[in-house]
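Have a look at the structure below, then the notes.
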Amino acid sequence: MQEEPSPATIPADAIIVLQSRWAYMLYTIPALAFFGGSLMVDFITLGFLPIMIASYFIVSRYLSFRRTAYILTDKHLIIFQGSLVGRKRFDIPFADLNYIQAHPGILGSRLEYTGVILQLTDQRVFSLGYVPIESPLLEHLRARMNPDSLQKDELDEKF
């Protein structure tokens, strides 16, 4: 039986990166539009069903946004991934980072957020969503990642 590694300690001088507000706003705006439009045509439930649907999307995305954080220490990236029912913690040593790629997406470059894909040396993949472009996350990770990591050319050949 293998022991679970103890969680990394979070020092007082750790850098905390929170998600962009667009993490929940991109879901809130369409949900409110759906709610407003359905109030005009919903005669059966008198708006109760649209309220429930819109509330679910808005509240779940907002709680996920509030519970998600990316914490940078000297030797670890600590990911708190939020959800409707709580959050999970992942501790990633910088020595295990094999590949980092930023994906701003269709709206990301205009709304100043990006997605970050991390590949570890054991081939696990983590996706960090709605990272503000002005945050120090990418530079911090690239400066401290595994020096023996695959370069982009080698990675393309592998996949």
Side-chain angles (χ1 to χ4, degrees), residues 1-32 52-159:
M1 191 162 141
Q2 187 176 3
E3 279 187 32
E4 287 287 323
S6 61
T9 58
I10 301 172
D13 64 343
I15 300 170
I16 299 173
V17 177
L18 300 175
Q19 287 185 324
S20 168
R21 288 184 318 222
W22 291 106
Y24 72 94
M25 292 298 290
L26 286 176
Y27 293 89
T28 300
I29 294 168
L32 290 175
M52 296 303 294
I53 293 171
S55 297
Y56 171 76
F57 281 107
I58 293 169
V59 170
S60 66
R61 289 306 300 171
Y62 183 74
L63 289 176
S64 174
F65 159 75
R66 294 292 296 168
R67 294 175 178 163
T68 299
Y70 312 121
I71 302 172
L72 301 165
T73 66
D74 290 336
K75 298 185 184 216
H76 286 84
L77 166 64
I78 301 168
I79 302 170
F80 285 107
Q81 188 177 39
S83 69
L84 182 63
V85 294
R87 66 181 182 179
K88 294 180 183 177
R89 177 181 172 153
F90 301 97
D91 294 354
I92 302 172
F94 291 135
D96 289 351
L97 286 177
N98 192 37
Y99 181 70
I100 300 169
Q101 186 174 18
H103 286 286
I106 297 170
L107 298 174
S109 57
R110 288 188 175 93
L111 300 177
E112 298 183 353
Y113 69 83
T114 187
V116 178
I117 296 175
L118 307 174
Q119 182 184 22
L120 305 183
T121 53
D122 62 359
Q123 303 304 314
R124 289 185 297 162
V125 175
F126 286 91
S127 178
L128 311 179
Y130 302 100
V131 176
I133 290 177
E134 72 274 357
S135 75
L137 184 97
L138 282 170
E139 293 82 23
H140 194 88
L141 292 177
R142 286 186 176 135
R144 289 166 176 79
M145 69 186 283
N146 182 1
D148 298 328
S149 64
L150 296 173
Q151 298 302 318
K152 184 166 179 52
D153 298 337
E154 297 172 24
L155 191 67
D156 289 340
E157 291 173 7
K158 185 175 178 183
F159 294 105

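Here the structure is a predicted model, which is why all the values come from computation and not from measurement.
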Give, for atom [atom1] of [X] and atom [atom2] of [Y], the distance between the pair rounded to the nearest 0.5 Å.
{"X": "K88", "Y": "T68", "atom1": "NZ", "atom2": "OG1", "value": "12.0 Å"}
{"X": "R144", "Y": "L97", "atom1": "CZ", "atom2": "CG", "value": "11.5 Å"}
{"X": "H103", "Y": "S109", "atom1": "NE2", "atom2": "OG", "value": "14.0 Å"}
{"X": "L141", "Y": "I100", "atom1": "CG", "atom2": "CD1", "value": "4.5 Å"}
{"X": "L138", "Y": "L128", "atom1": "CG", "atom2": "CG", "value": "9.0 Å"}
{"X": "I79", "Y": "D91", "atom1": "CD1", "atom2": "CG", "value": "9.0 Å"}

query = Side-chain contact, heavy-atom cut-off 4.5 Å: Y130 with L26?
reply = yes
Return a table of donor-acceptor pairs under 3.5 angstrom between the side chains of residues 7-22 and protein atoms on other chains or two or more places apart.
{"residue": "Q19", "atom": "NE2", "partner": "Y70", "partner atom": "OH", "Å": "3.4"}
{"residue": "Q19", "atom": "NE2", "partner": "G129", "partner atom": "O", "Å": "3.1"}
{"residue": "S20", "atom": "OG", "partner": "W22", "partner atom": "N", "Å": "3.3"}

Other residues, nucleotides, ligands: >12 heavy atoms within 6.0 Å of R89 CZ = yes
task = Give a yes or no on this: more than 12 heavy atoms of other residues, nucleotides or ligands lie within 6.0 Å of atom CG of D122.
result = yes
Sequence neighbours excluded - salt bridge (charged side-chain N to carboxylate O under 4.0 Å, His left out) pairs with any residue from residues 130-142 = none
key: Inter- and intrachain pairs under salt bridge (charged side-chain N to carboxylate O under 4.0 Å, His left out), touching residues 93-113, at least two apart   = none
Test ring pair (Phe, Tyr, Trp, His ring centres under 6.0 Å) applied to F126 - qualifying residues, sequence neighbours left out = F90
query = Can you name the ring pair (Phe, Tyr, Trp, His ring centres under 6.0 Å) partners of H140, sequence neighbours left out?
reply = F94
key: Test side chain to side chain contact (heavy atoms under 4.5 Å, CB included) applied to L118 and N98, L77, V125, the passing residue   = L77
ask   = What is the minimum heavy-atom distance between S64 and G82, and which atoms define it?
value = OG-O, 3.2 Å
query = Which pair of non-hydrogen atoms, one from T114 and one from A102, has the smallest distance, and what is that distance?
reply = OG1-CB, 3.8 Å
Let me have the donor-acceptor pairs involving side chains of residues 53-63, under 3.5 Å, with sequence neighbours excluded, atom names and distances please.
{"residue": "S55", "atom": "OG", "partner": "I51", "partner atom": "O", "Å": "2.7"}
{"residue": "S60", "atom": "OG", "partner": "Y56", "partner atom": "O", "Å": "2.8"}
{"residue": "S60", "atom": "OG", "partner": "F57", "partner atom": "O", "Å": "3.3"}
{"residue": "R61", "atom": "NE", "partner": "A23", "partner atom": "O", "Å": "3.4"}
{"residue": "R61", "atom": "NH2", "partner": "A23", "partner atom": "O", "Å": "3.0"}

